[in-house]
Amino acid sequence: MSIATVSRVLNGSDKVSESTRKKVLDVMERSGYTPNAFARGLGLNTMRTVGILCADSSDIYLARVIYWLERELRKNSYASMLCCTGYHLPEKEKYLQLLLSRSVDALILAGSQFIEENAQDNAYLYEAAKKVPVFLLNGVLPGSGAYSIVCDDALAVKEMTDELIALGCRSPIFLYRSLSYSGKRKLSGFCRSLTEHGMNGQERSFLCPAGIPETVRFLQELEAQGIFFDGCLASDDELAVGAVKYALEAGRQIPADLQITGYNNSLLSLCSTPEITTADNRSEFLCTTAVSLLMQVLEGKDVPERTMYSANLIRRATTRSPK
């Protein structure tokens with residue numbers, strides 16, 4: 001039996017008879033042969049591998065995104081290669097180049113932390129998009145040729161703010177961690193709502209230290225400065241948990257004295273007592289859509305460069321019930 005025949009069997013060619021295919025596969029099974037994926041990939045001009053970049057896989061939201069991405073890629077017979085870059089630009093560039101050197105078929109950037117404030121710092125992403133399909137989850141890089149799947153965070157936060165005010169909140173504040181693409185969108189939604197209600201959103205928005213204990217202390221300091229708030233909207237559920245703990249320590253009743261909302265609909269929002277009203281940005285939908293579009297791109301099909309979808313508001317015990 002020739003090497004060419006064995007190669008056709010390994011590559012799934014329809015130019016091999018079923019009897020020959022069975023003989024080759026039987027020999028492979030008896031000998032414990034495992035094909036060299038790298039060599040096979042070179043022959044087929046595809047590694048059937050997608051590189052995934054994320055800032056921090058210990059982040060509860062990103063960890064779930066990675067799970068959904070890996071699951072969907074596996075369903076489509078693609079392997080994944082994960083690199084956790086941290087938040088500094090040199091590390092992001094280094095790991096992206098590492099994945100490209102491994103001949104991945106595409107790149108998925110999970111999270112909005114990859115879009116830099118300075119446009120020149122995004123040059124490495126523009127270069128990568130010329131070589132392989134690049135998919136941005138909750139990030140947009142105009143004019144790059146990269147594909148973006150984005151939750152409408154601005155609309156979700158605006159609607160939550162509108163609802164809190166409709167439920168009697170008169171002095172809301174907004175807590176956020178960073179001014180990533182997603183962070184800016186959330187902040188803009190809060191500010192737009194307050195402007196429509198005759199308040200200054202920028203004056204009532206605060207960059208808050210990460211971590212639950214730090215959030216408790218931050219809100220205690222705001223209170224000590226005489227800044228009154230009867231509503232606290234947070235850019236993620238962890239900050240919202242910190243707000244709940246602050247209220248419990250301060251003796252403020254939830255939701256009578258203080259209404260609280262989070263974002264992401266993570267397990268933290270359910271583990272909290274009381275359970276936290278939050279926005280579900282539908283991470284499973286985000287990832288299944290991204291992989292579906294990626295498969296279409298790899299098949300040579302045209303797909304939109306930007307896909308936007310809406311979050312769902314999950315009402316729980318930290319906000320008042322509509323009358």
Side-chain angles (χ1 to χ4, degrees), residues 2-16 21 24-25 27-29 31-57 62-86 90-111 114 122-137 139 141 144-149 286-303 305 307:
S2 70
I3 294 175
T5 299
V6 174
S7 177
R8 291 190 189 101
V9 172
L10 291 176
N11 293 327
S13 172
D14 57 5
K15 296 181 180 179
V16 182
R21 188 187 310 277
V24 172
L25 295 176
V27 171
M28 287 174 56
E29 185 176 357
S31 63
Y33 172 75
T34 302
N36 185 309
F38 185 74
R40 184 169 180 265
L42 291 176
L44 294 173
N45 199 31
T46 173
M47 294 298 295
R48 295 197 71 83
T49 301
V50 173
I52 301 173
L53 291 166
C54 83
D56 180 3
S57 61
L62 290 176
R64 194 138 185 85
V65 166
I66 292 166
Y67 166 79
W68 292 123
L69 286 174
E70 194 277 337
R71 187 196 71 168
E72 291 304 307
L73 288 168
R74 190 172 62 248
K75 283 183 179 179
N76 286 276
S77 301
Y78 273 78
S80 56
M81 192 178 297
L82 172 67
C83 287
C84 298
T85 66
E91 295 297 301
K92 296 176 189 176
E93 291 188 69
K94 181 181 77 174
Y95 282 113
L96 182 141
Q97 294 304 324
L98 173 64
L99 289 174
L100 289 178
S101 73
R102 301 297 174 87
S103 300
V104 295
D105 295 282
L107 292 168
I108 298 177
L109 279 57
F114 291 95
N122 293 315
Y124 76 108
L125 297 178
Y126 284 93
E127 287 302 312
K130 295 176 183 177
K131 299 173 182 176
V132 297
V134 174
F135 276 71
L136 304 169
L137 306 191
L141 196 63
S144 65
Y147 302 90
S148 302
I149 300 89
L286 167 69
C287 296
T288 55
T289 300
V291 173
S292 174
L293 292 174
L294 172 57
M295 293 302 112
Q296 293 178 56
V297 169
L298 293 175
E299 292 169 3
K301 299 177 181 177
D302 290 330
V303 304
E305 288 193 358
T307 302

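No hydrogens, no waters, no symmetry mates; every other heavy atom, side chains included, goes into these values. Position 1 is the first residue of the sequence; numbering continues from there.
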side-chain hydrogen bond (donor to acceptor under 3.5 Å, both in side chains) against D56, all qualifying residues, sequence neighbours excluded: S58
With sequence neighbours excluded, residues passing salt bridge (Lys or Arg N to Asp or Glu O under 4.0 Å) with E93: none
Residues in side-chain contact (heavy atoms from CB on, under 4.5 Å) contact with S292, at least two apart in sequence or another chain: Q296
Under the side-chain contact (heavy atoms from CB on, under 4.5 Å) test, residues paired with T288 that sit two or more places apart: R71, E72, E284
Considering all heavy atoms, the nearest L99-G51 contact: CD1-CA, 3.9 Å
Heavy-atom pair of closest approach, residues L98 and C83: CD2-SG, 4.2 Å
Test item: S144 side-chain N/O and L141 main-chain N/O as donor-acceptor pair under 3.5 Å: yes
Non-neighbouring partners of E127 that pass side-chain hydrogen bond (donor to acceptor under 3.5 Å, both in side chains), sequence neighbours left out: K130
R74: salt bridge (Lys or Arg N to Asp or Glu O under 4.0 Å) partners, not counting sequence neighbours: E70
Side-chain donor/acceptor of S148 to backbone N/O of G139, under 3.5 Å: yes
Donor-acceptor pair, side chain of D105 and main chain of M47, under 3.5 angstrom: yes
For E305, salt bridge (Lys or Arg N to Asp or Glu O under 4.0 Å) partners two or more places apart: none
V104 backbone acceptor or donor facing R48 side chain under 3.5 Å: no
Partner residues of K94 under the side-chain contact (heavy atoms from CB on, under 4.5 Å) criterion, sequence neighbours left out: E91
Residues which pass side-chain contact (heavy atoms from CB on, under 4.5 Å) with A290, listed by chain and number, not counting sequence neighbours: L137, I149
Contacts of type ring pair (Phe, Tyr, Trp, His ring centres under 6.0 Å), residue F114, not counting sequence neighbours: none
